[in-house]
Amino acid sequence: MGLRETKKRQTRTAIADAALPLFLAHGFDRVTVAEVARHAGVSTNTVFNYFPTKEDLFFDRQSEVEQYLAALVDPLPPGACCPAAAVRDDLCAALGRGDPALGLGPGAADFFRTVEASPALRAREREIGERVETALAAALPPSPTAPLLAGALAGLHRATLRELRRRILAGDPSPAVAADLTAAATTAFTPLCPCPPPDGTGAPAALDGSTGR
């Protein structure tokens with residue numbers, strides 16, 4: 001990476017880092033892009049050069065999120081028997097290590113509350129979910145069932161994270177939430193995947209033996 005690209009990335013990170021505390025403290029809808037620019041020490045035009053919309057400032061890693069599930073299945077990681085296993089195992093591993101990216105770290109409740117309080121952020125979340133599913137469908141082996149499988153996998157993944165959010169906002173301790181959802185997700189993925197989880201535990205294999213491929 002060249003010096004110019006490094007500086008651009010540093011500027012982008014600095015803007016996003018300045019924006020998030022403002023959003024969490026005052027609410028997304030009450031903070032203006034001009035306020036973010038002042039806190040970041042840049043012009044408003046500079047902010048828009050890096051983040052075309054205010055929602056992009058909040059979800060500053062949106063592009064990574066949209067491609068995440070697709071990257072899990074194309075190519076399949078070693079040991080994964082099917083796309084469903086790849087998504088399930090990655091999700092359960094992240095839950096098991098208390099991954100802050102899922103919302104199991106300090107400050108997650110504030111982040112979730114900010115999203116729940118903003119219709120604009122909730123709408124953007126729905127858009128991100130649709131793009132995740134579209135990218136996943138394109139990454140699966142081509143077949144008439146690929147869009148359906150992508151919907152099922154992305155839906156289960158999204159539902160797990162939605163339940164995680166509900167539990168965290170209710171004040172449940174992160175370790176208990178992670179343990180409960182690991183077991184629930186393992187069971188929920190069973191109809192889509194004939195392979196047991198890596199540790200050999202979990203629900204029985206799907207009766208029809210389908211792999212989604």
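All figures in this text were calculated on a predicted structure; none of them were measured in a lab.
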Between the main-chain N or O of [Y] and the side-chain N or O of [X], is there a donor-acceptor pair closer than 3.5 Å?
| X | Y | result |
| --- | --- | --- |
| T145 | L148 | no |
| R122 | E116 | yes |
| D89 | A86 | no |
| T190 | T187 | yes |
| T46 | V42 | no |

Please determine if K54 forms a cation-pi arrangement with F28, meaning its NZ or CZ atom is less than 6.0 Å from the six-membered ring centre and no more than 45° off the ring axis. yes
By side chain to side chain contact (heavy atoms under 4.5 Å, CB included), which residues pair with P173, not counting sequence neighbours? P175, A176
Which residues pass the side chain to side chain contact (heavy atoms under 4.5 Å, CB included) test with S63, sequence neighbours left out?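 By the side chain to side chain contact (heavy atoms under 4.5 Å, CB included) rule, S63 matches no residue at all.
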Salt bridge between R124 and D56, side-chain N to carboxylate O under 4.0 Å? yes
Between R165 and E125, is there a salt bridge with N-O shorter than 4.0 Å?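 Yes, this pair counts.
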Kindly indicate whether the side chain of L69, heavy atoms from C-beta on, has any atom under 4.5 Å from the side chain of L153.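 In short, these two side chains do not touch, never coming nearer than 4.5 Å.
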When you compare the side chain of P77 with that of L72, does any pair of heavy atoms fall below 4.5 Å? no
side-chain hydrogen bond (donor to acceptor under 3.5 Å, both in side chains) for D60 and Y50? Distances and angles first, verdict last. CA-CA 10 Å; D60 62 300; Y50 287 92; over 6 Å; no
What residues, two or more places apart in sequence or in another chain, satisfy ring pair (Phe, Tyr, Trp, His ring centres under 6.0 Å) together with F111?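 Result, ring pair (Phe, Tyr, Trp, His ring centres under 6.0 Å) vs F111: F58.
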Give the intermediate values and the outcome of side-chain contact (heavy atoms from CB on, under 4.5 Å) for residues V177 and L95. CA-CA 9 Å; V177 173; L95 289 167; over 6 Å; no
